[in-house]
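This report concerns only the one structure given below.
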Amino acid sequence: MNNHYIPQLLLKQFAVSKKVNIYDFHTLSFSVRKLKNTFASKGIFDQELEKAFAVKLEGPFGNLLNHRLLTGDTITINRTENLLMRKFLMINSLRSPLSGISWDEMVQRTKLWNHPSVQMRKSLIRNYPGTKEIFNKMSHSKETYIPDLKKAMEIDSLEDIADAEKRPDVSEQLRLAARNAIVTVIAFWDSSESGQEFIFPKLPGICQMDDMGILYKSTVIYGLREEMEKQGLEEHLKRELDRIFYGNLMYCDNFSVYPLSPTRAMICIAPYFRAFFPIMDPTGTVQLYPPFLDSEQFDRHFFEPMRMELFRPCRNAFNRFYQYRVMQLKAEEVQGINAMILDMETEEFVFHDYNKIRDSFWYYDKRAIFADKKKHDFSCLV
């Protein structure tokens, strides 16, 4: 039985007549493949787990995707739908084959030797040997791969998975994944007005992380909290900064990209970025309190083609509903996102219309900020 580790409900968005276009990094060639054979392998999950994915997760999320997330300029969802969306993201990452191998194997397979997060981890282990055991507890492995997926589908509540007191039977790796899914800030980007399309990578949630790194960001947040403490920081602001501080330690990428269709993507923004946006009331009109940091600070952790307003997240201070304004990307911004995905992906990706992704190869080859250390050569396609 073929098991999809990236669900067909997403792949179908890119398909025509149940077939998708594929670019293979190993053969440097394009091909057309049946949907049932794309991003799938035989015998990964047993029938019980496959049924749980279909009934408990993919069915409800597919309904949310088609009727809410892919339509309109404003997306409004309730708290239950918000947690469903986040659990889907978590499972989508956990069932990637990368979750079933060791950290070293993952770095080797993805060629991420020079990625800031990899270098930071190596530096900490080198300078503080005790951190190796901590990282091992946080890392996924072949032994935890299927048990964690089964446990995640057994427990309906994402919040319960993240709570050590409620569910002490949950592994550290799974609990961390749940906390990351809860703490991330979500935005939606659209490319339909630009004439460009997103590519769909095999690696889920490809991310961008700047060279300033997690430790610098944490120091900034901690210093800000101390300074505001002296000025009589209110309790709710203390809690907000503590969440941002914790989120930055656990979720250190600037943002991750999850394409939902050729023209719409869900963006998971690092909690650190929360500090750059005001908290608004549920109507989005009254500013409850101002941003902690200013745009000059933000510019130091900024992916070149992106405008700051694109990262403006939904705020929901009263825990009733979540309203997202879908942000339209310019052509260069779509190309920049695709270039980032092209650099991180090392195996293959799916696309809908080559004419609408063609310029992304040019952008990667000529304009990408990482062009001096890029992993691939697309000059033949430019």
Side-chain angles (χ1 to χ4, degrees), residues 86 115-135 137-138 159 162-165 172 175-187 207-256 267-281 284 286-303 306 308-319:
R86 292 168 185 273
H115 193 266
S117 62
V118 174
Q119 292 301 310
M120 179 198 72
R121 177 171 174 147
K122 288 182 177 179
S123 175
L124 287 174
I125 291 175
R126 184 170 57 250
N127 295 312
Y128 306 98
T131 57
K132 184 174 183 179
E133 185 178 348
I134 296 174
F135 280 129
K137 286 183 179 180
M138 293 165 56
E159 293 170 312
D163 192 331
E165 292 186 4
E172 285 296 320
R175 184 173 294 112
L176 178 60
R179 288 177 175 173
N180 285 347
I182 289 172
V183 80
T184 188
V185 182
I186 290 175
C207 67
Q208 191 272 340
M209 179 178 176
D210 59 63
D211 292 330
M212 298 302 291
I214 179 176
L215 297 178
Y216 173 79
K217 297 173 184 178
S218 298
T219 302
V220 170
I221 299 168
Y222 187 76
L224 179 64
R225 192 189 190 287
E226 283 192 323
E227 181 181 333
M228 296 181 75
E229 184 85 50
K230 295 174 184 176
Q231 300 171 9
L233 184 63
E234 296 177 20
E235 281 301 317
H236 71 288
L237 295 182
K238 288 181 185 177
R239 290 194 297 271
E240 177 71 5
L241 269 178
D242 288 343
R243 282 195 293 268
I244 294 169
F245 182 80
Y246 169 80
N248 178 60
L249 290 174
M250 296 294 102
Y251 193 91
C252 56
D253 303 316
N254 280 0
F255 63 90
S256 302
I267 310 302
C268 292
I269 308 163
Y272 176 71
F273 278 24
R274 285 185 184 178
F276 297 100
F277 302 101
I279 301 291
M280 310 297 288
D281 79 338
V286 179
Q287 183 171 296
L288 299 180
Y289 59 86
F292 292 123
L293 304 176
D294 56 27
S295 59
E296 287 74 23
Q297 179 72 20
F298 183 88
D299 289 340
R300 301 185 66 178
H301 310 288
F302 198 48
F303 185 49
M306 297 295 112
M308 183 173 178
E309 58 266 26
L310 290 174
F311 293 93
R312 194 168 300 280
C314 164
R315 286 298 190 179
N316 178 45
F318 294 89
N319 207 32

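Throughout, residue positions are numbered sequentially from 1 according to the sequence presented.
Between Lys217 atom NZ and Phe273 atom CZ the span is 6.0 Å, to the nearest 0.5 Å. Expressed to the nearest 0.5 Å, how far CD1 of Ile267 lies from CE of Met306 amounts to 8.5 Å. Put simply, CD1 on Ile269 and OG1 on Thr184 are 7.0 Å apart, with the number rounded to the nearest 0.5 Å. The CZ atom of Phe303 sits 12.0 Å away from the CG atom of Leu310 when rounded to the nearest 0.5 Å. Here CG of Leu224 is found 8.5 Å from CD1 of Ile244. Values are rounded to the nearest 0.5 Å. Between the CZ atom of Arg86 and the CD1 atom of Ile182 there is a distance of 8.0 Å, given to the nearest 0.5 Å.
The environment of CD in Gln231 is crowded: more than 12 heavy-atom neighbours from other residues, nucleotides or ligands sit within 6.0 Å.
Residues Arg225 and Asp242 form a side-chain contact, since some pair of their non-hydrogen atoms from C-beta on lies under 4.5 Å apart. Counting only heavy atoms from C-beta outward, the side chains of Ile221 and Arg274 never approach each other to under 4.5 Å.
The minimum heavy-atom distance between Pro278 and Arg312, with the atom names listed, is CD-NH1, 3.8 Å. Closest of all the heavy-atom pairs between Ser256 and Cys207 is OG-CB, 3.4 Å. Nearest heavy-atom pair across Met308 and Ser295 is SD-CB, 3.8 Å.
Ion pair Glu226/Lys230 not flagged as a salt bridge, since none of the NZ, NE, NH1 or NH2 atoms sits closer than 4.0 Å to an Asp/Glu carboxylate oxygen.
In this pair, Phe245 and Tyr222 present their aromatic rings tilted. The plane angle is within the 30 to 60° band.
Partner of Phe311 under the ring pair (Phe, Tyr, Trp, His ring centres under 6.0 Å) criterion, out of Phe277, Phe298, Tyr272, Phe276: Phe298 alone.
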